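All of these numbers come straight from a predicted model, not from anything done at the bench.
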Amino acid sequence: MQTFTSDDQLIASAALREKLGGISPMTLWRWEKSRAFPQAHRIGPRKFWKLSEVADWLERHSPTNQSQ
């Protein structure tokens, strides 16, 4: 069973896709399958992501952090 602390803010799929610039459901699915994207947490049939994990992923994959 998964447990969450009070610091864990969860975001649903539709809200996450909007926050990531309006990406499509298929793009999110591909990112999930790449295993580089944070793993979703299921609550019933729905998927949620921890905002802190997504923020860390975005920081690591930011164009300003890429080697030139």
Side-chain angles (χ1 to χ4, degrees):
M1 175 181 248
Q2 297 172 357
T3 59
F4 298 101
T5 67
S6 60
D7 295 336
D8 293 331
Q9 187 173 359
L10 298 177
I11 187 168
S13 178
L16 177 61
R17 289 186 292 107
E18 182 65 31
K19 190 170 202 61
L20 294 172
I23 64 170
S24 70
M26 183 57 75
T27 297
L28 182 57
W29 180 84
R30 285 184 190 119
W31 288 358
E32 283 184 86
K33 297 304 174 197
S34 75
R35 303 230 185 244
F37 195 73
Q39 187 176 18
H41 302 276
R42 286 198 175 269
I43 300 176
R46 297 183 64 197
K47 290 182 178 181
F48 296 85
W49 286 261
K50 290 183 183 178
L51 275 178
S52 61
E53 293 176 354
V54 173
D56 289 344
W57 181 85
L58 284 170
E59 181 66 28
R60 288 192 316 270
H61 292 84
S62 168
T64 58
N65 288 336
Q66 302 296 319
S67 299
Q68 294 180 1

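Judged purely by atom type and a 3.5 angstrom limit, R30 has no side-chain atom pairing as donor or acceptor with the backbone of K33. Between the side chain of W49 and the backbone N or O of P38, at least one donor-acceptor pair lies under 3.5 Å. In this structure a side-chain-to-backbone donor-acceptor pair under 3.5 Å is present from W57 to A36.
From S52, atom OG reaches atom CD1 of I11 across 11.5 Å, with rounding to the nearest 0.5 Å.
Screening residues 10-30 for ring-ring contact (aromatic ring centres under 6.0 Å, His included), with sequence neighbours left out, gives no hits.
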**Request:** Run the numbers on H41 and E53 for side-chain contact (heavy atoms from CB on, under 4.5 Å), then give the verdict.
**Result:** CA-CA 12 Å; H41 302 276; E53 293 176 354; 3.9 Å; yes
Give every donor-acceptor pair under 3.5 Å between a side-chain atom in residues 16-25 and any protein atom, sequence neighbours left out.
| from | atom 1 | to | atom 2 | distance (Å) |
| --- | --- | --- | --- | --- |
| S24 | OG | M26 | N | 3.4 |
| S24 | OG | T27 | N | 3.0 |
| S24 | OG | T27 | OG1 | 3.1 |

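In this structure, the side-chain hydrogen bond (donor to acceptor under 3.5 Å, both in side chains) partners of E32, at least two apart in sequence or on a different chain, are K47.
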